[in-house]
Amino acid sequence: MKMAVADSVVVLDFETSGLSPEYGDRAIEIGAVLVEHGVIVDRFQKLMNPGFRISRFIESYTGITNEMLKGQASCEAVMAEFSEFIAGHNIVAHNAAFDRRFLDFELKRANRAFQGECCCSLLVSRRVYQDSPNHKLKTLVSHAGIAETGSFHRALADAEMTAHLWMSMINRIGEQYKIPMILFDQLCELSRVDKLYAHRYLSSLANRC
DNA sequence: TGCCAGGCCCTCTTTAGGGCCTT
């Protein structure tokens, strides 16, 4: 198992055949980046064959076609490999509840499990970027002045841009509140603080510095 | 072909309803 550095996190994104594994939906692509000390140092991207044809809507939405999924490894094989990539790390995702459901579902089918903590960049963004028109990933990337690294709705590109959004929010907190280093656990706590009290919470962190 | 979920969050609220966000 890899040893995680203190200031590290894996940012991940799933493309799936639909919204709910409970209704038979499966992952079709996983993309993830390992961020250490504010720098992307490793990447993981794999298409996976769900064992059935995906809908035209998903083909259009993601750009991933049934033809592209032919001959790809099974979800179980890809997730067994991915479990090694995330071992020992905490994870971040945009609307993390969605990705966490698929992560747990697919890992279970691969006889694996994830033991780390999970934080949602969407919830953090609702507190840090309260001036954004909405909190879709694409809007936030534009709002924060982040360069697009690929096509939206492809797993690795979305994971990379979510990682840059994550770092952008950390930098914004640092600049506004003079907090030189905010910890993963503190960002998780921020995501749970009532939106109206986010400023108070961050000010309290600044006072402790 | 079109549908499915679930948690957050706001307000015309809290004994609720509906939009947002993910695919």
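All chains are named by letter (A, B, ...) in the order of the sequence lines, taking the proteins before the strands, and each is independently numbered beginning at 1. Everything quoted here is computed from the prediction, not taken from an experiment.
- Residue A/D13 is classed as a sugar-phosphate contact, given heavy-atom separations below 4.0 Å to backbone atoms only.
- Considering only side-chain N and O atoms, A/R126 lies nowhere under 4.0 angstrom from the phosphate OP1 or OP2 of B/dC8.
- Taking side-chain N and O atoms only, A/H153 has a distance below 4.0 Å to OP1 or OP2 of B/dT23.
- Using a 4.0 Å heavy-atom distance criterion, A/R26 is classed as making no nucleic acid contact.
- The side chain of A/Y23 approaches B/dC4 more closely than any other nucleotide in the set B/dC4, B/dC21, B/dT22.
- Spacing between atom CG of A/L103 and atom C1' of B/dA5 amounts to 17 Å, rounded to whole angstrom units.
- No donor-acceptor distance shorter than 3.5 angstrom exists from the side chain of A/E81 to the backbone of A/A77, with no hydrogens or angles considered.
- Only the P atoms considered, B/dC4 is 14 Å distant from B/dG19, to the nearest whole Å.
- Nearest nucleotide to the A/K195 side chain, out of B/dC9, B/dT22, B/dC10: B/dC10.
- At the heavy-atom level, A/S17 lies nowhere under 4.0 Å from the strands shown.
- Side-chain atoms of A/T139 and A/N134 form a donor-acceptor pair, as typed in the model, at a separation below 3.5 Å.
- The CG atom of A/L122 sits 11 Å away from the P atom of B/dC8 (whole-angstrom rounding).
- Side chain of A/R101, nearest nucleotide from B/dG6, B/dC4, B/dC8: B/dG6.
- In this structure, A/H135 atom NE2 and B/dC20 atom P are separated by 13 Å, rounded to whole Å.
- Side-chain atoms of A/S74 and A/N49 include no donor-acceptor pair closer than 3.5 Å.
- Side chains of A/H143 and A/D131: a donor-acceptor N/O pair is present below 3.5 angstrom, by distance only.
- Distances shown here put every side-chain N or O of A/R100 at or beyond 4.0 Å from the OP1 or OP2 atom of B/dG7.
- Heavy atoms only, all atoms of each residue included: A/Y201 and A/Q186 are closest at OH-O, 3.3 Å.
- Within 4.0 Å of A/F14, counting heavy atoms only, lie sugar-phosphate atoms of the nucleic acid but no base atom.
- Nucleic acid contact for A/D25: base, since at least one base atom lies under 4.0 Å from a heavy atom of the residue.
- Annotation: B/dC3 and B/dG7 have their P atoms spaced 23 Å apart (nearest Å).
- Residue A/K136 places none of its side-chain N or O atoms closer than 4.0 Å to OP1 or OP2 of B/dT22.
- The residue A/L137 sits close only to the backbone: its heavy atoms come under 4.0 Å of sugar-phosphate atoms, none of a base.
- For the P atoms, the distance linking B/dC21 with B/dT13 amounts to 22 Å, nearest Å.
- Along DNA chain B, the nucleotide closest to A/E22 and the one closest to A/P133 are compared, and the more 5′ of them pairs with A/E22.
- Position along DNA chain B of the nearest nucleotide to A/L123 versus A/I28 favours A/L123 as the more 5'-ward residue.
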